Amino acid sequence: MIRLLLPMLKNKAWRSGLLCLIFFLLSRVAPAQDANYWSKNFGAGGFLSPGAVVANNKDSGVLFYNPALQPLSGKNAISVSGMIYQVESINIKNGAGTGKNLHSLISASVPQMLTGTVKLGRKKPVYIAYALTHNAVINYNVTQQQDARMNVLNDSYSPGPEYYLGQYDLQNITREASALISTGFRLDRHWAIGFMAEGQSRSQHYSENFLSRALVNNNQPTLPITSNEGKYQVDYTHFGLKLRAGLSYEAGKHHLGLLVSSPLIHAWGRGRLLSDNAVSNVHFIFDQPMNLLASTRQTKLDTRYKTPFSIAAGYAYDYSKGQVYVAAEYFLKVKEYTILAPTSDLFVRPDTGNSIIRASELLKMSESRKAIFNAAVGVSYQINPRLTGYCSLRTDFNYAERTDADGTAPNTATWDNYYCQLGVNIKRSKYNLRTGLFLGYGRSGSYEQFINFDNPQENNLLTGERGTVPASRMTAAVMVAFIHNL
């Protein structure tokens with residue numbers, strides 16, 4: 001790439017712009033994470049959670065994931081479901097260089113769900129259900145530092161190893177909250193149908209910062225500093241609407257369910273961006289040192305977040321002591337789109353009007369998603385008339401797909417997750433208490449580094465030769481659901 005650009009670098013205006021472009025291409029492309037659809041414990045594969053299924057699982061509580069299952073419970077109920085305690089560990093081994101792991105350990109107590117069902121009418125009853133849910137998508141916070149004597153700068157003007165200092169930090173906090181209302185009714189003794197509307201709120205704070213500095217060896221009392229520093233921060237809130245239609249079929253021991261979910265319909269979104277980038281005294285291509293300053297802060301930016309169309313199917317079979325359950329959901333791909341787009345104002349200082357670099361291309365937050373197929377299996381076993389055990393396994397494949405070299409992705413996870421839920425249901429005349437353990441594991445061998453403190457050099461703008469490293473995620477939680485039958 002640099003060889004093709006050398007003739008253009010003879011022009012001073014183009015040289016300034018292209019150097020800026022190379023700088024941003026080297027330092028602003030970020031990897032993706034938290035890009036999974038079935039991480040929620042009340043998703044289609046969450047057999048332990050009350051109602052989180054596509055086909056009937058004989059749950060005594062609120063069957064809100066597929067609204068067509070509401071008429072099958074035959075009663076009014078209120079359910080409170082949550083995670084009493086959760087621990088999540090994300091470890092990017094050698095994420096910032098050899099021995100420089102990026103490790104995030106978060107523990108929290110987070111309520112997850114409050115739902116209820118109301119039965120209207122007697123002869124041909126109609127069921128109305130509501131739900132308030134909260135999902136802590138990710139809370140990722142890492143820092144790392146390199147402080148050493150290293151040969152970073154060209155020996156022609158700075159012989160021997162220099163005093164080098166590098167720092168990196170990344171914080172990604174994403175939360176979702178939903179309010180759902182649905183209705184369902186029987187078509188006949190075998191078939192039931194239901195519809196749901198879900199209002200969704202999503203908020204994200206994404207902050208990524210790095211600095212890379214070396215003191216020049218020139219035998220002077222005050223040593224000059226060569227440095228590359230960058231800051232990128234995005235905060236946004238988005239509101240959208242998702243529609244679902246469900247169908248249920250019952251025939252003795254056999255239960256079938258079908259659920260169709262619309263893409264997220266955009267309602268409103270606003271965000272803000274803060275970015276600052278500075279290069280000082282770096283001999284990148286020419287003998288003369290390169291200096292660059294680019295900075296911007298933009299507010300009230302239009303924000304748009306997307307989710308795809310999906311279709312889910314489930315089947316449950318009753319046996320003498322319980323039930324066997326399988327479910328699957330297919331999510332369509334999402335083409336490259338921009339979540340948050342800065343304005344096209346020039347942001348390189350000084351603003352001479354000659355720079356070809358614009359914030360709208362390099363500082364945008366964007367993503368694309370590949371098609372995903374997830375599956376789950378579950379089994380229940382009646383230990384005695386008042387105690388039933390549950391176990392379920394499910395996949396949670398990663399949908400991140402990077403097609404645009406510019407901009408920043410909103411995610412931090414590039415791995416496939418696998419979940420296991422184990423628990424019991426304690427049945428009483430007026431209520432059911434369901435509790436259990438939630439376990440998850442994910443791993444990737446090709447997590448892309450953002451910075452590598454092993455080999456910072458001027459020809460890589462002091463960010464190192466970045467490669468891929470292994471990454472893993474482990475999560476464990478205690479879950480409790482209380483269902484009161486009215």
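None of these values were measured; they are calculated from a predicted model.
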Nearest atoms (heavy-atom pairs only) where Tyr330 meets Ala371: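 Taking Tyr330 first and Ala371 second, the nearest heavy atoms are OH-CB, 3.4 Å.
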Can you list everything that forms a side-chain contact (heavy atoms from CB on, under 4.5 Å) with Leu301? Sequence neighbours excluded, please.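 So Leu301 forms a side-chain contact (heavy atoms from CB on, under 4.5 Å) with Leu273, Gln298, Leu340, Thr343.
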Please identify each residue that fulfils side-chain contact (heavy atoms from CB on, under 4.5 Å) with Ser182, with sequence neighbours left out.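 Scan of Ser182 (side-chain contact (heavy atoms from CB on, under 4.5 Å), adjacent residues dropped) gives Pro67, Gln70, Ala129, Met196.
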Write out all pairs satisfying salt bridge (Lys or Arg N to Asp or Glu O under 4.0 Å) with one or both partners inside residues 366-388, taking only residues at least two apart or from two chains.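 Matches after skipping sequence neighbours: Glu367-Arg369.
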Can you pull out every salt bridge (Lys or Arg N to Asp or Glu O under 4.0 Å) where at least one residue sits in residues 301-320? Sequence neighbours excluded, please.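 Of all non-adjacent pairs touching residues 301-320, those that pass salt bridge (Lys or Arg N to Asp or Glu O under 4.0 Å) are Lys58-Asp318, Arg270-Asp302.
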Measure from NZ or CZ of Arg244 to the centre of the six-membered ring of Tyr65, then state whether that distance is under 6.0 Å and the direction lies within 45° of the axis.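 Yes; both conditions hold, so Arg244 lies above the ring face of Tyr65.
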Gap between atom [atom2] of [Y] and atom [atom1] of [X] - 0.5 Å precision:
X	Y	atom1	atom2	result
Ile451	Gln146	CD1	CD	10.0 Å
Ile483	Asn432	CD1	CG	5.0 Å
Asn66	Leu258	CG	CG	8.0 Å
Leu362	Thr296	CG	OG1	12.0 Å
Ser248	Arg186	OG	CZ	7.5 Å
Gln382	Thr388	CD	OG1	5.0 Å

Are [X] and [Y] side-chain neighbours, meaning at least one heavy-atom pair lies under 4.5 Å?
X	Y	value
Ser275	Lys231	no
Ile193	Phe185	yes
Gln200	Glu176	yes
Ile426	Leu387	yes
Thr237	Phe239	yes
Val424	Thr435	yes

When the ring centroid of [X] is compared with that of [Y], is the distance short of 6.0 Å?
X	Y	answer
His190	Tyr249	yes
Tyr37	Tyr399	yes
Tyr325	Tyr315	no

Once the angle between the rings of Tyr418 and Phe397 is folded into 0 to 90°, is it parallel (under 30°), tilted (30 to 60°) or perpendicular (over 60°)?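 The arrangement is perpendicular - the two ring planes meet at more than 60°.
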Evaluate the ring planes of His254 and Tyr317, with Trp represented by its six-membered ring, and classify them as parallel (under 30°), tilted (30 to 60°) or perpendicular (over 60°).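 Tilted, since the angle between the ring planes falls between 30° and 60°.
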Any residue meeting side-chain hydrogen bond (donor to acceptor under 3.5 Å, both in side chains) with Ser262, in chain and number order, not counting sequence neighbours: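 Expected list: none.
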Within the side chain of Thr408, is there an N or O that forms a donor-acceptor pair under 3.5 Å with the backbone of Ser366?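 Answer holds: no.
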side-chain hydrogen bond (donor to acceptor under 3.5 Å, both in side chains): which pairs involve residues 88-99, sequence neighbours left out?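 The answer is Glu88-Arg473, Ser89-His103, Thr98-Asp454.
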